[in-house]
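Accompanying notes for the structure given below.
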Amino acid sequence: QVQLVESGGGLVQPGGSLTLSCAASGFTLDYYTIGWFRQAPGKDREGGSSISRSAGSTYYAEAVKGRFTISRDNAKNAASRQMNSPKPEDTAVYYCAASRRNLPFRSILDRESAYDFWGQGTQVTVSS
């Protein structure tokens, strides 16, 4: 069964840090571009960051650039997202996704339609 499972969400104080993890099962993550998306209450889902298959390229949306870091560990079939200095506006359900598309990384980035598998999401609340 193909599955992506996020973990690590919870309550974090503004200015703190939190690491989200994404574990894949039923397929090998090596061949997939990985993206992290989020959906805040009352808003559409939006992309935040992505990482190429080899981890040689990364993309960050302006809203998270310099604060969040995406990484992957193909040996563990997993990915993670380090959230530093979170802000209340980062409160959202966070999703990881995997894209098998044979496209240049720059053509995938945060295009939701380019992703094939999605996790169920993990809630992150930034509040003091």
Side-chain angles (χ1 to χ4, degrees):
Q1 181 182 2
V2 172
Q3 201 171 13
L4 285 172
V5 179
E6 302 94 338
S7 60
L11 177 65
V12 60
Q13 292 187 343
S17 65
L18 191 69
T19 300
L20 304 182
S21 298
C22 174
S25 60
F27 68 106
T28 303
L29 213 49
D30 299 34
Y31 307 112
Y32 290 76
T33 296
I34 300 167
W36 281 96
F37 295 78
R38 67 185 183 184
Q39 186 167 21
K43 295 186 177 181
D44 294 333
R45 188 161 58 188
E46 62 180 8
S49 55
S50 55
I51 187 167
S52 63
R53 299 170 189 172
S54 65
S57 299
T58 55
Y59 159 80
Y60 295 96
E62 284 300 319
V64 304
K65 192 176 294 184
R67 300 187 298 121
F68 294 3
T69 303
I70 188 173
S71 61
R72 65 189 299 159
D73 188 338
N74 288 342
K76 294 183 179 180
N77 216 32
S80 63
R81 191 186 202 188
Q82 175 75 26
M83 301 172 61
N84 293 325
S85 301
K87 304 174 183 179
E89 52 263 43
D90 293 322
T91 294
V93 177
Y94 283 76
Y95 301 89
C96 69
S99 171
R100 186 65 175 91
R101 307 302 169 90
N102 188 24
L103 296 169
F105 179 64
R106 64 180 181 276
S107 298
I108 298 175
L109 299 183
D110 60 353
R111 282 178 52 213
E112 290 191 38
S113 60
Y115 287 85
D116 303 294
F117 302 125
W118 293 80
Q120 82 291 348
T122 185
Q123 175 70 46
V124 173
T125 301
V126 184
S127 175
S128 55

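Position 1 is the first residue of the sequence; numbering continues from there. All figures in this text were calculated on a predicted structure; none of them were measured in a lab.
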Do side-chain atoms of [X] reach the backbone of [Y] as a donor and acceptor pair under 3.5 angstrom?
X: T19; Y: Q82; result: no
X: N77; Y: L29; result: yes
X: S99; Y: A114; result: yes
X: R72; Y: S52; result: yes
X: R53; Y: D30; result: no
X: R81; Y: C22; result: no

Problem set entry | Side-chain touch T69/Y60, heavy atoms, less than 4.5 angstrom |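 Of all side-chain heavy-atom pairs linking Y60 with T69, at least one is under 4.5 Å.
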
Exercise. V124 versus R38: any side-chain heavy-atom pair under 4.5 Å?
Worked result: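 A side-chain contact under 4.5 Å is absent here.
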
Exercise. Do you know which of W118, Y115, F27 makes side-chain contact (heavy atoms from CB on, under 4.5 Å) with L4?
Worked result: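 For L4, the side-chain contact (heavy atoms from CB on, under 4.5 Å) test succeeds with only one of W118, Y115, F27, which is F27.
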
For the atom pair [atom1] ([X]) and [atom2] ([Y]), what is the distance rounded to the nearest 0.5 Å?
X: R111; Y: R106; atom1: CZ; atom2: CZ; value: 12.0 Å
X: Y94; Y: E6; atom1: OH; atom2: CD; value: 12.5 Å
X: Q120; Y: C96; atom1: CD; atom2: SG; value: 8.0 Å
X: R100; Y: I108; atom1: CZ; atom2: CD1; value: 10.5 Å
X: Q3; Y: F117; atom1: CD; atom2: CZ; value: 11.5 Å
X: S49; Y: M83; atom1: OG; atom2: CE; value: 9.5 Å

Problem set entry | Aromatic centroids of W36 and F68 separated by under 6.0 Å |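 No; W36 has its ring centre 6.0 Å or more from that of F68.
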
Problem set entry | From CA spacing to verdict: side chain to side chain donor-acceptor pair (under 3.5 Å), S128, Q13 | CA-CA 5 Å; S128 55; Q13 292 187 343; over 6 Å; no

Exercise. What do the steps show when you test D110 against E46 for side chain to side chain contact (heavy atoms under 4.5 Å, CB included), and what is the final call?
Worked result: CA-CA 8 Å; D110 60 353; E46 62 180 8; over 6 Å; no

Can [Y] be reached from [X] by stepping across I, L, V, M, F, W or Y side chains whose heavy atoms are under 4.5 Å apart?
X: L18; Y: V126; result: yes
X: L20; Y: I51; result: yes
X: V64; Y: I34; result: yes

Problem set entry | Shortest non-hydrogen separation from G47 to A61 and the atoms involved |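 Heavy atoms only, the tightest pair is O-CB, 3.8 Å.
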
